Novice: 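This is the structure I have questions about; it appears just below.
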Amino acid sequence: MQVTRKRGLHAGGAARKRDQSAWRGLPFVLPYLPFLILFGILPAIYALSLAFTTSKGKFIGLKNFTTTANDYRFGPAFEHVFLYTSVWLIALIVFVVGLALMLHSRASKATSTFRFLYYIPGALAGAASVLVWLFMLDPAVSPARFLLEHVFGSTLFVQAIAPGHLPFIFAMIAFWTGAGGWIVVLYGALNTIPPDLEEAARIDGAGAWTIALRLKLPMIRKWIAYMGILSFATGTQLFVEPQLVNQASLGFVPDTWSANQLAYQLAFRYGKFNEAAAVSVDLLLIGLIAAVLIVTRTGLFRKED
Amino acid sequence: MRLTARSLRFVILALFAVFFVVPMIWLFLAPTKSDGALVTSNPFAFGSFHHIAQAWDHIDAYSSHLYRRWISNSLLYAGSATAIVLATAVPAGYGLAFGTFRGRKLVLTVTLIVMIMPASALVLPIFLELNSLKLIGNVLSVILPFAFYPFGVYIAYIYYSTTMPRDVLDAARIDGCGEWTTFRHIALPLAKPVIALVLFFSFVADWNNFFLPFAVLAKSTQYPIQVGLSDLLSSTPSFNPAAGGGGQSVNIFRPELALATLLAIVPVLIVFMMSQRALVRGLLGGGVKG
């Protein structure tokens, strides 16, 4: 029975088969496509078209880009964001990789407890994590009052969130919520290294340090690159943290502290949608380049069978 | 020598554990104390359950049960968007894994790029688009963008293309099953772990999203909890002295704010603990090639 059917299928004609295969699977993807187009592709295209035109729809080339780039808030906003992103990236690469290697060098019950503890703050993304850290930075109630007062010299909340501290504070918040997840990812990547390799190195007389730095580190390079590029792109989009600190500081911290905030203010407060679009295209471009780099260079994401 | 290296390692690991855990412990203890006691007592002292109840009463009284409204808004937005994500992403992942249609690779690549791009990069463009469609201030302008979740499609795609043998599907087709029947009776029942994973990630991403609802919603009664928290923050006199008088009259002080923050993460924390296993496995299995 089955055999005849199979033969029938083969005899069905190459043309019809090709015709059929040009559509196979498409119906399953159809319900998803409108979402991909409406909220993945069109917004980007629409922002692009706004960025190159006036509010009346006249094409003006790069004018919106140059106007916004010359805005007195543009430079500082991008400076803030890049400083924050660099601090965060360094912290991530040094501490996350270091902690993952340390945890992996001697697996035990204790290390899995540590991994879990590091992971917990991941539940507090968004506004909640910022609120927690506003408490931590308020010398009046902070459990780290001693550190705040004697190491950083901040006896008042406004001193703790002085503008010079902000890139570091935001980097710390981002590290606090995100590092645990990355440690789990890198730990998992370390687990895929064949134990024989490590065994062989040990027999050859390599110590724990040598094994960690010369054997394990190179083998998780791709994952570190992925973490770095992704975090760079995410970092440049900073919005929630400075927005809440602006609200908590009575405007002492400007509401255009980050680039995304500037774009937001241009659209909301000033109604300059075309200029807002130009800034968001700048940011979109950074995100897009990072994404394309990850997809094409790290080889971590499969897109073929 | 060896012993010191080992204890150094332990000390470093423990110090980081303190950094990650102490703020959480503080947050759990803060609502048990009065605002004055928060300042004067030991940060890790336990106050009393009475204060928790009191703080809750204050939160609940804030703008006539606005806090409950925010939580139910969040449940509505994250819940309905996640339902749409499940209904669209699982079949799409299946279609991308086993389909041969034209444009399959294009859809896959675009999905991948949008998935890796930071979500907040698209918030303003989405706002501008919805603005031109006059959808700003409508709850659909939160739910529909939330319902686009390329990561969910990618998880489903990876799952189907790595764990489901093509032979099984071929056999089903040979036995006369249509495309839909094959999916409904063979692929879908196998997708349980994927459904759990997509459900978790999508729900948490929506629950924690601040920027998009902040940008597209106008009324505070429409806010999800994350945006609501920022509203509460503005009413706390210790962070916003301008709210001093207001703070007195609405009774929102630091313990109330801490409790509000804590309650806002409870749903996530519950799902988080429950799916910790599936999560770790998914994080690792998900991205690795082959």
Side-chain angles (χ1 to χ4, degrees), chain A residues 2 5-6 21-26 28-29 31-32 35 39-40 42-44 46-47 50 99 102 114 117-118 120-121 123-128 131-132 134 136 140-141 143 184-185 188 233-234 237 239-240 244 247-248 250 263 273 277 280 283-284 287-288 291 294-295 300-303 305, chain B residues 9 13 16-17 20-24 26-27 38-39 43 88 91-92 94-95 98-102 107-109 112-114 116-118 120-122 124-126 128-129 145 147-148 153 161 174 208 210-211 226 229-230 233-234 239-240 242 254 261 264-265 268-269 272 280 283-284 287 289:
Chain A
Q2 282 192 14
R5 269 197 192 156
K6 203 168 184 178
S21 80
W23 297 103
R24 171 160 287 164
L26 186 62
F28 294 103
V29 183
Y32 160 69
F35 289 97
F39 303 112
L42 266 188
Y46 184 61
L50 279 181
L99 289 171
M102 264 192 246
F114 277 130
L117 292 179
Y118 297 167
I120 294 176
L124 279 89
L131 287 185
V132 171
L134 289 181
M136 295 302 113
V141 297
V184 171
V185 170
T234 315
Q237 314 293 332
F239 184 85
V240 196
L244 288 188
Q247 272 171 255
L250 268 181
F273 293 119
S280 67
L283 288 167
L284 200 62
L288 192 67
I294 292 174
V295 173
L300 286 171
F301 292 92
R302 74 183 265 156
K303 42 185 188 344
D305 304 312
Chain B
R9 168 181 170 273
L13 290 175
F16 273 93
F20 284 110
V21 173
V22 158
M24 296 294 288
W26 186 91
L27 188 67
L38 266 184
V39 179
T88 55
Y94 171 77
F98 295 110
T100 46
F101 60 92
R102 246 176 255 148
V107 174
L108 200 53
T109 311
L112 204 54
I113 287 173
V114 183
I116 294 173
M117 233 165 52
S120 45
L122 275 172
L124 267 168
I126 287 175
L128 296 168
E129 180 190 63
F148 169 55
V153 175
S161 59
I174 288 160
N208 283 334
F210 175 87
F211 194 9
Q226 294 290 340
L229 282 179
S230 79
L233 172 69
S234 307
F239 288 116
N240 200 343
R254 280 172 288 216
T261 308
I265 60 166
V268 175
L269 223 50
F272 199 74
V280 172
L283 277 173
L284 301 176
K289 197 173 181 174

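Just so we're on the same page: letters track the sequence lines, and every chain starts at 1. Owing to the predicted nature of the structure, the values given are computational and were not obtained by experimental measurement.
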Novice: From B/Leu128 CG over to A/Ser280 OG, what is the distance, rounded to the nearest 0.5 angstrom?
Specialist: 6.0 Å

Novice: Does B/Arg102 use its side chain to pair, donor to acceptor, with the backbone of A/Trp23 at less than 3.5 Å?
Specialist: no

Novice: Can you tell me which portion of A/Phe239 sits under 4.5 Å from chain B's heavy atoms? Options are side chain, backbone, both or neither.
Specialist: side chain

Novice: B/Gln226 side chain to A/Ala127 main-chain N or O, any donor-acceptor pair under 3.5 Å?
Specialist: yes

Novice: What pair of heavy atoms forms the shortest contact from A/Gln237 to B/Pro118, and how long is it?
Specialist: CG-CB, 3.6 Å

Novice: Under a 4.5 Å heavy-atom cut-off, does chain A meet the side chain of B/Ile265, its backbone, both or neither?
Specialist: side chain

Novice: So which heavy atom on A/Leu244 is nearest to which on B/Ser230, and how close?
Specialist: CD2-CB, 3.1 Å

Novice: Let me confirm one number: the CG-CE distance from A/Leu124 to B/Met24, rounded to the nearest 0.5 Å.
Specialist: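 Atom-to-atom, A/Leu124:CG and B/Met24:CE are 5.0 Å apart.
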
Novice: Checking heavy atoms, do the side chain of A/Tyr118, its backbone, both or neither come under 4.5 Å from chain B?
Specialist: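 Backbone plus side chain of A/Tyr118, per the 4.5 Å heavy-atom cut-off to chain B.
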
Novice: Verify side-chain contact (heavy atoms from CB on, under 4.5 Å) between B/Phe98 and A/Phe28, making sure each step is shown before the conclusion.
Specialist: CA-CA 10 Å; B/Phe98 295 110; A/Phe28 294 103; over 6 Å; no

Novice: Minimum heavy-atom separation for B/Leu124 and A/Ala263, please, with both atom names.
Specialist: CD1-CB, 3.1 Å

Novice: Out of B/Pro43, B/Ala147, B/Ala121, return the one with the most heavy atom pairs under 4.5 angstrom to chain A.
Specialist: B/Ala121

Novice: Quick one: which of A/Pro121, A/Ala277, A/Ala47 has the most heavy-atom pairs under 4.5 Å with chain B, could you say?
Specialist: A/Pro121

Novice: Between A/Leu131 and chain B, with a heavy-atom cut-off of 4.5 Å, which part of the residue counts as in contact: side chain, backbone, both or neither?
Specialist: side chain

Novice: Need one label for B/Ala264: side chain, backbone, both or neither, based on atoms under 4.5 Å from any heavy atom in chain A.
Specialist: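 No part of it gets close to chain A.
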
